[in-house]
Amino acid sequence: TVCNCDGRWDLGLPPRCPARMFRGVYTPARYVVGDMDIAVICDGYIKLDAGAVMGLIPRVMWEPVIGRENLDTEHRMKLSLNCMVVRSGPDILLVDTGLGNKLQGAARERGFPGENGLLMEGLEALGLVPEDITVVANTHLHADHCGWNTVRDAAGELRPTFPNARYFIQKGEFEVASHPNERTRGTYFAENFQPLVNSGQLELVEGEAEMIPGARFWATPGHTQDHASIALTSRGETALYTGDLVHHAVQVERPAWIAAFDILPLLSLESKKKLAERALKENALLICVHNPFPGVGRLTESGGRRKFVDE
């Protein structure tokens with residue numbers, strides 16, 4: 001359902017026009033789940049090796065799904081950086097914060113090439129400023145999901161981007177991110193979360209903690225040990241923000257298609273199956289971080305075949 005939001009979210013635009021740009025950014029896509037107003041905004045995109053995104057699946061199988069025209073000369077595909085803003089009562093919840101603007105130079109070009117850093121413009125398009133955000137939740141702490149957690153001020157000092165927000169992070173994920181190994185040190189950057197400790201805004205939680213009424217973490221391990229999606233429930237309706245449980249819509253349809261980035265692929269398989277079962281049972285609205293913007297749709301099933309249908 002499209003959101004008829006209050007004046008702050010009323011842009012005077014058609015409610016869903018994801019292909020358009022508004023003041024240089026993607027037009028926010030708006031939905032309603034029960035009493036919750038949802039907006040999907042975009043921090044831009046990164047380009048990653050398509051074979052890595054599809055893991056063990058042979059190219060002859062995944063290339064027709066992605067489309068050769070959607071690969072660049074280095075066989076990379078675009079992954080959107082879709083973030084979710086939820087308004088419920090007095091709270092405004094931001095889920096995941098994209099890549100941010102701190103990572104520069106060769107590290108950015110090698111690890112996260114693309115066009116990104118647009119989250120602030122997306123909030124502005126909703127009539128919001130960082131001070132309006134009351135809660136931030138990270139599905140996990142890879143750099144493309146928590147980059148705007150913090151910024152550098154004019155003096156070059158790190159500070160939380162959202163000064164009035166409580167930041168919710170799974171305790172296990174925080175501990176792993178704080179002690180990266182040879183595989184993870186290229187995506188776990190302390191500058192994205194350590195300042196939250198210093199400011200006293202960090203809230204470490206375990207399991208299915210509730211951030212605001214109706215919005216809970218939902219354990220979906222596999223991509224990382226403590227990866228957690230976000231479940232929104234209100235008046236019998238459900239929305240699921242997948243995090244990196246899904247890198248492409250086909251991975252919702254086919255749980256065995258698992259990205260090479262997942263450190264625990266067999267756990268990913270079970271989490272994907274759990275996602276599909278809940279999505280079908282509850283007719284859940286799925287918000288997929290890396291699908292082309294806005295990455296929103298529902299999983300359908302007919303004749304034993306499942307299909308992700310965009311909304």
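We number each residue from 1, following the sequence as shown.
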Is there a side-chain contact between Phe308 and Arg298 (heavy atoms, below 4.5 Å)? no

Shortest non-hydrogen pair, Cys42 vs Asn82, comes out as SG-OD1, 3.8 Å

Would you find a donor on one side and an acceptor on the other, under 3.5 Å apart, between the side chain of His75 and the backbone of Leu71? no

Approximate separation, where rounding is to 0.5 Å, of Ser88 OG and Ile212 CD1: 5.0 Å

Give a yes or no answer on whether the side chain of Arg306 reaches the backbone of Thr300 with a donor-acceptor pair at less than 3.5 Å. no

Verify the cluster assignment for Leu285 and Leu280: are they in a single hydrophobic cluster under the rule of side-chain heavy atoms below 4.5 Å apart? no

Side-chain contact test, heavy atoms from C-beta onward, threshold under 4.5 Å: evaluate it for Val135 versus Ile92 and give yes or no. no

Parallel, tilted or perpendicular: which describes the rings of Phe174 and Phe193, with under 30° parallel and over 60° perpendicular? perpendicular

Would the distance check show the side chain of Glu237 and the main-chain N or O of Gly34 forming a donor-acceptor pair, the cut-off being under 3.5 Å? yes

Close side-chain approach of Met36 and Arg235, heavy atoms under 4.5 Å: no

For this output row, return yes or no: ring centroids of His290 and His248 closer than 6.0 angstrom. no

Could you please spell out the steps behind the side-chain contact (heavy atoms from CB on, under 4.5 Å) verdict for Ile133 and Leu93? CA-CA 6 Å; Ile133 305 300; Leu93 164 67; over 6 Å; no

Decide side-chain contact (heavy atoms from CB on, under 4.5 Å) for Trp257 and Val65; before the verdict, give the C-alpha distance in whole Å, the side-chain angles of both, and the deciding distance to 0.1 Å. CA-CA 12 Å; Trp257 289 38; Val65 173; 4.2 Å; yes

When you measure from the side chain of Asn116 to the backbone N and O of Gly44, does any donor-acceptor pair fall under 3.5 Å? no

Verify, without hydrogens or angle tests, whether Gln170 (side chain) and Gly207 (backbone) share a donor-acceptor contact under 3.5 angstrom. yes

Between Arg68 and Glu63, is a salt bridge (Lys or Arg N to Asp or Glu O under 4.0 Å) present by the stated rule, with each step listed? CA-CA 6 Å; Arg68 184 173 297 179; Glu63 189 173 71; 2.8 Å; yes

So do the side chains of Ile258 and Gln251 get within less than 4.5 Å of each other, counting heavy atoms only? no

Applying side chain to side chain donor-acceptor pair (under 3.5 Å) to Thr150 and Glu191, what does each step give before you reach the verdict? CA-CA 7 Å; Thr150 63; Glu191 64 182 12; over 6 Å; no

For Arg110 and Pro113, the nearest pair of non-hydrogen atoms, with its separation, is O-CD, 4.0 Å

Under a 3.5 Å distance rule, please check whether Asp43 uses its side chain to pair with a backbone N or O of Leu99 as donor and acceptor. yes

Checking Asn192, Asp96, Thr97 against Asn149 for side chain to side chain donor-acceptor pair (under 3.5 Å), the one that qualifies is Thr97

Return yes if some donor-acceptor pair links the side-chain N/O of Thr220 with the main-chain N/O of Ser271 below 3.5 Å, else return no. no

ILVMFWY network linking Val250 to Leu245, side-chain heavy atoms under 4.5 angstrom: no

Should Tyr188 and Glu173 be marked as a side chain to side chain donor-acceptor pair (under 3.5 Å) after you check the CA-CA gap, both sets of side-chain angles, and the distance that decides it? CA-CA 10 Å; Tyr188 282 142; Glu173 179 71 10; 2.8 Å; yes

Just how far is it from atom CG of Leu267 to atom NZ of Lys274, taken to the nearest 0.5 Å? 10.0 Å

In Å and rounded to the nearest 0.5 Å, what is the CG to SG distance from Asn138 to Cys146? 5.5 Å

Counting only heavy atoms not in Arg183 (residues, nucleotides, ligands), do more than 12 fall under 6.0 Å from its CZ? yes

Check whether any side-chain heavy atom of Thr238 sits under 4.5 Å from a side-chain heavy atom of Val33, and report yes or no. no

Set of residues satisfying side chain to side chain donor-acceptor pair (under 3.5 Å) with respect to Thr184, sequence neighbours excluded: Asn181

Can you tell me how far CG of Leu128 sits from CZ of Arg87, rounded to the nearest 0.5 angstrom? 5.5 Å

Hey, could you give me the CE/CG distance between Met120 and Asn101, rounded to the nearest 0.5 Å? 8.0 Å

Is there a chain of hydrophobic side chains (I, L, V, M, F, W, Y, each step under 4.5 Å between heavy atoms) that links Val296 to Leu240? no

Please say yes or no: joined through hydrophobic side-chain contacts below 4.5 Å, possibly via intermediate residues, are Trp218 and Val136 part of one cluster? no

Given the side-chain rings of Phe261 and His223, with only the six-membered ring counted for Trp, is the space between their centroids under 6.0 Å? no

Val129 and Leu123, any side-chain heavy atoms less than 4.5 Å apart: no

So does Ser268 get a backbone contact from the side chain of Asp262, meaning a donor-acceptor N/O pair under 3.5 Å? no

Side-chain heavy atoms of Leu79 within contact of Met77, under 4.5 Å: yes

With distance as the sole test, does Asn291 use its side chain to make a donor-acceptor pair with the main-chain N or O of Ala249 at under 3.5 Å? yes

Would you check, one step at a time, whether the test side-chain contact (heavy atoms from CB on, under 4.5 Å) holds for Leu275 with Leu286? CA-CA 10 Å; Leu275 171 71; Leu286 299 178; 4.0 Å; yes

Looking only at side chains, do Asp226 and Thr224 share a donor and an acceptor under 3.5 Å apart? no

Evaluate whether atom CG of Leu56 has more than 12 neighbouring non-hydrogen atoms of other residues, nucleotides or ligands under 6.0 angstrom away. no

Does any N or O in the side chain of Asp35 come within less than 3.5 Å of the main-chain N or O of Ser234, such that one atom is a donor and the other an acceptor? no

Taking all non-hydrogen atoms of both residues into account, name the closest pair between Arg59 and Pro64 and its distance. O-CD, 4.0 Å

What pair of heavy atoms forms the shortest contact from Pro163 to Gln201, and how long is it? O-NE2, 3.5 Å

So CG of Leu299 and NZ of Lys307: to nearest 0.5 Å the spacing works out to 10.5 Å

Where do Glu210 and Pro213 come nearest, in terms of heavy atoms and distance? OE2-CA, 3.7 Å

Scanning both residues in full, the closest heavy-atom pair of Phe112 with Ala143 reads CZ-CB, 3.8 Å

For Ile38 and Leu232, run side-chain contact (heavy atoms from CB on, under 4.5 Å): C-alpha distance rounded to whole Å, both residues' side-chain angles, the deciding distance at 0.1 Å, then the answer. CA-CA 10 Å; Ile38 299 173; Leu232 307 178; 3.5 Å; yes

Compare all side-chain heavy atoms of Phe162 with those of Glu131 and state whether any distance is below 4.5 angstrom. no

Heavy-atom neighbours of Glu115 CD exceed 12 at 6.0 Å: no

Does Phe189 share a hydrophobic cluster with Ile169, counting links as ILVMFWY side-chain heavy atoms below 4.5 Å and allowing steps through other members? no

Is the cationic atom of Lys102 (NZ for Lys, CZ for Arg) positioned less than 6.0 Å from the six-membered ring centroid of Trp148 and within 45 degrees of its normal? no

